[in-house]
There are 2 protein chains.
Amino acid sequence: MPMFTDSRGRYRTPRFNAVRSRLRDSGLRPTRQRLDLGHLLFSHGDRHVSAEQLHGEAAGEGVRVSLATVYNTLRQFTEAGLLREVRVDGSRSFFDTNTGDHHHFFIESEERVLDVPAEKLLLDRAPEPPEGYEVAGVDVVVRLRRIGS
Amino acid sequence: MPMFTDSRGRYRTPRFNAVRSRLRDSGLRPTRQRLDLGHLLFSHGDRHVSAEQLHGEAAGEGVRVSLATVYNTLRQFTEAGLLREVRVDGSRSFFDTNTGDHHHFFIESEERVLDVPAEKLLLDRAPEPPEGYEVAGVDVVVRLRRIGS
DNA sequence: ATTTGTGCAAATCGTTTGCATCTGA
DNA sequence: TCAGATGCAAACGATTTGCACAAAT
């Protein structure tokens, strides 16, 4: 909740240095909201969040950001390669701080996304695409349900 | 374009008999629009269509159906097990006349969905789900791009 | 000083729904 | 007859965008 800003309102706290340099390395200006959102995203291990969730979390920490800015920021982070978008069901998008190549569990009833541990590889090989096409990527989503429901 | 209706406006043509019994077997009343849409869907081999596409197709054949009815009908057919919904990207839904268990290619640039031939099996095994959960299903989408783009 | 980001509200897109009107059995 | 379908328009939820204002370099 405390706002670690200097006299000009800038974030000078060491807490944010990691995020700040990450942003700079990606060519993104370290604005207050990008630092705050980046901190929420990248300083708590691997995460899968929706825009709505992140917006709520920010609000809970006393950080003022509009939902539109959360959406825009998630998109920018994704374009900069800091996040990876995961589409598990038709309607909602999740953003994964693990940008590596891996697959997902999706627990529909809880609106929750989990990484499939890399060792438990699912894929033998991508299937040969039809003539004239190449594989751009493979998305695997394992839908889960609570046992006995 | 010709409307094969009897004096009361009913579809009496043999063309529609297959669809008619399919609908009846699923407990769906064979209405004019269900017969027309069913005919478009089920008399041309395996198909993957979006609501928009099917609506356009119907219009092209001189069949009057509202887009809302197309959506409702696709949903009813899906619930009746005549179709399978395929979510390839976040925004659009496709409906697959092949209701068996199989995976999909998705050509983003053409808004097109193809079946992955069953022989080219991708999956070794579903990964073990976390404690307390069971696998409800596995969705695999292989995204394709035209070579050299 | 200039460029780039932000907030808000309005716009968009695919899809669903409410309701008065038709239609099939 | 009359439950069940349809059409339309309005409602929806997630996401994007236009524009005046604010902040970063």
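Reminder, nothing fancy here: chain letters follow the sequence lines and each chain counts from 1.
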Examine [N]: is either OP1 or OP2 under 4.0 Å from a nitrogen or oxygen in the side chain of [X]? Give yes or no.
{"X": "B:R32", "N": "C:dT23", "value": "no"}
{"X": "A:S93", "N": "D:dT15", "value": "yes"}
{"X": "B:T31", "N": "D:dT6", "value": "yes"}
{"X": "A:Y71", "N": "D:dT16", "value": "no"}
{"X": "B:T69", "N": "D:dG7", "value": "yes"}

Euclidean distance, atom [atom1] of residue [X] to atom [atom2] of [N] [Å, nearest integer]:
{"X": "B:R64", "N": "C:dT23", "atom1": "CZ", "atom2": "P", "value": "9 Å"}
{"X": "A:R92", "N": "C:dC13", "atom1": "CZ", "atom2": "C1'", "value": "17 Å"}
{"X": "B:E79", "N": "C:dT16", "atom1": "CD", "atom2": "C1'", "value": "12 Å"}
{"X": "A:L74", "N": "D:dA14", "atom1": "CG", "atom2": "P", "value": "15 Å"}
{"X": "B:H55", "N": "D:dC8", "atom1": "NE2", "atom2": "C1'", "value": "12 Å"}
{"X": "B:L67", "N": "D:dC12", "atom1": "CG", "atom2": "C1'", "value": "15 Å"}
{"X": "A:E52", "N": "D:dG13", "atom1": "CD", "atom2": "C1'", "value": "9 Å"}
{"X": "A:R34", "N": "C:dG5", "atom1": "CZ", "atom2": "C1'", "value": "6 Å"}

About how many Å separate CZ of B:R112 and CZ of B:F105, when rounded to the nearest 0.5 Å?
11.5 Å
State, to 0.1 Å, how close A:L82 and A:L28 come at their nearest heavy-atom pair, and which atoms those are.
CD1-CD1, 4.4 Å
Which sits closer to the 5' end of DNA chain C, A:L28 or B:P30, going by the nucleotide each is nearest to?
A:L28
Tell me which of A:G27 and B:S91 sits closer to the 5' end of DNA chain C, going by the nucleotide each one is nearest to.
A:G27
Between D:dT6, C:dA25, D:dT16, which one does the side chain of B:Q76 approach most closely?
D:dT6
Can you tell which of D:dT25, C:dA25, C:dT6 lies closest to the side chain of B:R24?
C:dA25
Indicate, with a heavy-atom threshold strictly under 4.0 Å, whether [X] touches base, sugar-phosphate, or nothing.
{"X": "B:S50", "answer": "nothing"}
{"X": "A:Q33", "answer": "sugar-phosphate"}
{"X": "B:R29", "answer": "base"}

Can A:R22 be said to sit on top of A:F42's aromatic six-ring, NZ or CZ under 6.0 Å from centre and within 45° of the ring axis?
yes
Would you tell me whether A:S93 and A:E85 have side-chain atoms, one donor and one acceptor, within less than 3.5 Å of each other?
yes
Distance-only side-chain donor-acceptor flag, B:D139 / B:H103, under 3.5 Å
no
